[in-house]
Number of protein chains: 2
Amino acid sequence: MSARLNPRPLARVPEPAVPHSRTPRAERKKLRILDAAAEVVARRGYAGATLAEIAAEAGTQAGSIYYHFESREALIEEVMRHGVGLSFAHTRACVERLPRSASPRTRLETAIRAHLEMMLAESGNARATSRLTGQIPPEMWQRVNAVMRAYGAYLDRLIAAAAAAGEIDPAIDRSAFRMLVIGAANWVPEWFRPNGRSSPGQLCDLLVRMAMEGVATRRRSRAAA
Amino acid sequence: MSARLNPRPLARVPEPAVPHSRTPRAERKKLRILDAAAEVVARRGYAGATLAEIAAEAGTQAGSIYYHFESREALIEEVMRHGVGLSFAHTRACVERLPRSASPRTRLETAIRAHLEMMLAESGNARATSRLTGQIPPEMWQRVNAVMRAYGAYLDRLIAAAAAAGEIDPAIDRSAFRMLVIGAANWVPEWFRPNGRSSPGQLCDLLVRMAMEGVATRRRSRAAA
DNA sequence: GTCTATAACCGGATAGAC
DNA sequence: GTCTATCCGGTTATAGAC
């Protein structure tokens, strides 16, 4: 059970077809299992996440999971779908909340910040998603990848708009830029501890700054670059 | 079996105590198993890497691994040690190869580039190392972490020197900066394909540029930031 | 809806032949 | 040094009680 993101209500992510469980009681339980699964996958990775540990985390028994999910694979696929959906929805919501007058650069910066915010707020789902990337079986990857690509394409449009407006260098490899920023953000839950020197907000500032302006000063010492 | 880094000979990483196998024949086999294990761990993660698959990749049988390694855990621990050692050694070698007159900023840029170069050149070992981070059992992590910390401390010194010289903003959280850059680099092997728009060299340029100067232009469109 | 029990399988580790 | 055979523990999935 991970802490939800504090202030802003998130746009609800549409879930794919639910097999059983019409009652709200069962629906809640299913969500709890999903959340527990994300946590365990984040801890143990794809192969290491056992139904027994997921069940314990969700306060139930391994066998009971099969009432809510067809198989272990189906459960994990939904964990991943849910995780990507959370990031996408939060990022899009934050960008769309901006005034129409916001510059493309501001939109892009907002998206980067939003992505990292979600990584920090939903660290179970977020870590699960990045852990699962490159580990799930090919057929599953193919299905989940559709959602991932949609998110990637959304970010790419923001980057392209900033480039078209001349606010970022139009010559950069935009897809590589996107993946470098996402990579930096996705690694954060692995090392960030709230007690450290920076707060989550400051960390978001630093990532945006790195991407946009870098940390270098104008000054150069005498030696050649 | 991963492609070694092309031109530059790497400083040899000192390996910890070798239990059996004095003969050069056995030593080669052991290295081959180590390399195979890195590849399989990169693919399957900590829990998913089976001895059978490692053995197949190394051209031997699961049982035979126990002649060279005490246990699966010992093997994986050495995979990780080896991986971190490769990065550390390569980065340090590249920085030390610079002329004495090189500025702190140049040293730092060289280190960032070197780290990413190694991620690309040794993608099996590199991916294995980042996959293993946060997945290995606590006692193992404690031992391996000593090496990781040494590498981190080395990078921190480079960052601190650049800050002291006024070449990067002394006010930034240096440890967070380091982890963001490392995160961006460590994610690269998951998505980079040599056929894409950028070459490995261009990707290194982009990461260094992001860290140092960012991709933004001076220009700002009318809207407020 | 959830539990317990169990079938079928798989992976790590060891023993002993060669 | 490497192989094959085997033991043991743990994992998914299902059956059936409640």
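Side chains included, hydrogens not; waters and symmetry mates left out as well; all remaining heavy atoms used. The sequence lines fix the lettering, A, B, ..., with proteins before strands; numbering per chain opens at 1.
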*Using distance alone, with no hydrogens and no angle criterion, decide if Asp173(A) and Ser198(B) have a side-chain donor and acceptor under 3.5 Å apart.*
yes
Listed pairs under 3.5 Å, donor-acceptor, residues 136-143 of chain B side chains, sequence neighbours left out:
{"from": "Arg143(B)", "atom 1": "NE", "to": "Glu77(B)", "atom 2": "OE1", "distance (Å)": "3.2"}
{"from": "Arg143(B)", "atom 1": "NE", "to": "Glu77(B)", "atom 2": "OE2", "distance (Å)": "2.9"}
{"from": "Arg143(B)", "atom 1": "NH2", "to": "Glu77(B)", "atom 2": "OE1", "distance (Å)": "2.7"}

_Nucleotide dA13(D), atom P - distance to NE2 of His68(A) in whole Å_ = 16 Å
_Using the side chain to side chain donor-acceptor pair (under 3.5 Å) criterion, which residues pair with Gln135(A)? Sequence neighbours excluded._
none
*Could you list all the salt bridge (Lys or Arg N to Asp or Glu O under 4.0 Å) pairs where at least one residue sits in residues 178-191 of chain B, not counting sequence neighbours?*
Arg127(B)-Glu190(B), Arg131(B)-Glu190(B), Asp156(B)-Arg178(B)
*What pairs of residues pass the salt bridge (Lys or Arg N to Asp or Glu O under 4.0 Å) test when at least one of them lies in residues 194-212 of chain B, not counting sequence neighbours?*
Asp169(A)-Arg209(B), Arg113(B)-Asp205(B)
*Check the distance between dG10(D)'s P and Glu53(A)'s CD and give it to me in whole angstrom.*
14 Å
*Which parts of nucleotides 4-18 of chain C does protein reach within less than 4.0 Å, heavy atoms only, written one letter per nucleotide 5' to 3' as B for base, S for sugar-phosphate only and - for none?*
B------SSBB----
*May I have all residue pairs that pass salt bridge (Lys or Arg N to Asp or Glu O under 4.0 Å) and include part of residues 43-52 of chain B, sequence neighbours excluded?*
Arg43(B)-Glu53(B), Arg43(B)-Glu57(B), Arg44(B)-Glu53(B)
*Of the nucleotides dT2(D), dC3(C), dC3(D), which one has an atom closest to the side chain of Arg25(B)?*
dT2(D)
*Are OP1 or OP2 of dG1(D) and a side-chain N or O of Tyr67(B) less than 4.0 angstrom apart?*
yes
*Atom CZ of Phe69(A) to atom P of dG1(C): distance rounded to whole Å?*
14 Å
_Nearest whole Å is fine: how far is dT11(D) P from Ile76(A) CD1?_
13 Å
